[in-house]
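One-based numbering, in listed order, for ligands and for the atoms of each. These values consider heavy atoms only, across backbone and side chains, with no hydrogens, waters or symmetry-generated copies.
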Amino acid sequence: MVSRFYVTTPIYYVNAEPHLGHAYTTIVGDALTRWHRLLGDDVLYLTGTDEHGLKIRQAADAAGLSPKEFCDSIAPKFADAWERLDIANDDFIRTTEPRHHAAVTELLQRCYDAGDIELDTYSGKYCVACEEYYTDEELLEGDNCPIHKRPVDHFEEENYFFRLSRFQDRLLDWYAAHPGAIVPEFRGNEALGLIRGGLRDFSVSRTSLDWGIRLPWDDRHVAYVWFDALTNYLSATGFGDPSVDYTERWPVDYHLIGKDIIRHHCVYWPAMLMSAGVDLPKGWAVGGWLLVDGEKMAKSTGNVVNPLDLVDTVGVDGFRYYVLAETSYGSDGDFSYDGLVARYNSDLANNLGNLASRVATVVGKSCGGIGPAPRDDSPLAAAAATAVADTSAAWDAVTPSRALEATWSLIRATNAFLEANEPWKMTPGADLDAVMGDALEALRIVTLLAWPAVPSTADAIWARLGLDGSVADRRLPGDARWGGYPGGLTVTKGDPLFPRIRS
Ligand code: MSP
């Protein structure tokens, strides 16, 4: 039976254009889902844009546009950026779409009918940039938001509240029964700490704002933007559409999120689902931030790096590889241009690029351009089997940097094997063919394993090895078994895959 695999990114606020921080999570999700595509899973990879709420309303006002016009002008920039970064998302959801409206209405009504949404008066401090209320203890000196470091607003209004305080025990019991649902573990402990610290009811509606989805039972109120936004993950499954069985796709396998939105995803969201009688997610994978000069990249901090500018220097795959390999997922990473170039030169130009070029050069010169078959008892076979097993285990644990480390260990082993045998000094014949057949086979396996991270490079190497079709049509683990390179294929050299960059 084909397994289903459903992964989501956060939906990005359209008040800012796509930046490196957004690209990071989206590339991790793309590589993870590509790995599962190779496993033969039926994948749904969802991303999209978060378009309601006060923050967007204010950005639209500042741009002199209606909120919808404003969103229509920015949302395509996200879709375009993902296309340019080779992101193979299966769906792109916008919270202004009718299907999302239907899902939010359904979820609100279910929580209301369950008695978990009630009317009350709220008075408190609110950060518009976070779209979040804060208590005095959470604020920095001078009533400044702890994330955005600028003053919060004071709000007082009649709101509907979601009775989160009732869910503390149920959430703790659920997480106890599902150990490892949040990875990495230390991020899971952060979520548990938030729950154990006590849960405050949160407001799920506004009367002072019109840019949002109206509550089905009281149209003076629009839904709070986080209640609205979280529901996108259900909207894409058809929840709220009576003609669709949303459980064909739900529950989600992984919500990929940044560490700043743990509370919403790992506390609010499961409680909302429990209230509504919807199954909880199977997993959450929480990433750290990519920092620039020690600060989170954000429009308000002015340190925004546009991913598309970097692509001009290192190419799409160079950029994808860097964000996946450089940072251990879960922890913060430091972005620097020098770091990007250093990694590109060492791992891509000197290792992968060099291996592909050496192999093709020797086959061209000494094997008449025809790749020989590998040996069954090759000294590289064990390294290849280890690389396949370790890469696979690392993707299972959602640790992309470890997955690439495991894949690159095979590249290094193959380069070392060539350096030890020096086929460029050998005379044509059976010994040379044996060395080159082994190297070609190792490179074929590397190509399969590296495809989730560097898809167009992998496809290019595949074609240069003379293999048919594209890597996407291969299936793991079977196609990564030693001995798959048949030999007798025309090997071509082509231009350097990763020309060295002078730093
Ligand atoms: N719209 C909400 C999410 C709603 S999901 C139901 C939101 N949007 S956001 O555009 O501000 O941020 C989306 C994600 O991008 C967050 O997970 C955040 O952590 C991540 N990043 C934003 N800047 C980042 C970095 N500099 N580094 C890594 N990720 C960061 O929050």
Cationic tip of Lys55 within the cone over Tyr13's six-membered ring, i.e. under 6.0 Å and within 45° of the normal? yes
Which is it for His22 and ligand 1 at heavy atoms under 4.0 Å: side chain, backbone, both or neither? side chain
Contacts of Arg166 that satisfy salt bridge (Lys or Arg N to Asp or Glu O under 4.0 Å) - sequence neighbours left out: Asp116, Glu118
Near Ile261 (heavy-atom distance under 4.0 Å), the atoms of ligand 1 are 16 (C), 17 (O), 31 (O)
Would you check whether Leu290 has a nitrogen or oxygen atom less than 3.5 angstrom from a nitrogen or oxygen atom of ligand 1? yes
On the six-membered ring of Tyr126, is Arg206 placed so that its NZ or CZ lies under 6.0 angstrom from the centre and within 45° of the ring axis? yes
Under 3.5 Å: N/O of Leu230 near N/O of ligand 1: no
Short N/O distance, under 3.5 Å, between Asn232 and ligand 1? no
Examine the side chains of Thr207 and His221 and answer whether a donor and an acceptor come within less than 3.5 Å of each other. no
Quick check on His264 - does any of its heavy atoms sit under 4.0 Å from an atom of ligand 1? no
Can you confirm if the NZ or CZ of Arg187 lies within 45° of the ring axis of Trp284 and under 6.0 Å from the centre of its six-membered ring? no
Are there over 12 heavy-atom neighbours, none belonging to Glu157, within less than 6.0 Å of that residue's CD? yes
Any idea which atoms of ligand 1 are less than 4.0 Å away from a heavy-atom of Ala229? 6 (C)
Taking atom types as modelled, is there a side-chain donor on Asp113 or Gln109 under 3.5 Å from an acceptor on the other? yes
Ligand 1 and Lys259, any nitrogen or oxygen pair closer than 3.5 angstrom? no
Using a strict cut-off of 4.0 Å, indicate which atoms of ligand 1 neighbour a heavy atom of Asp260. 16 (C), 17 (O), 18 (C), 19 (O)
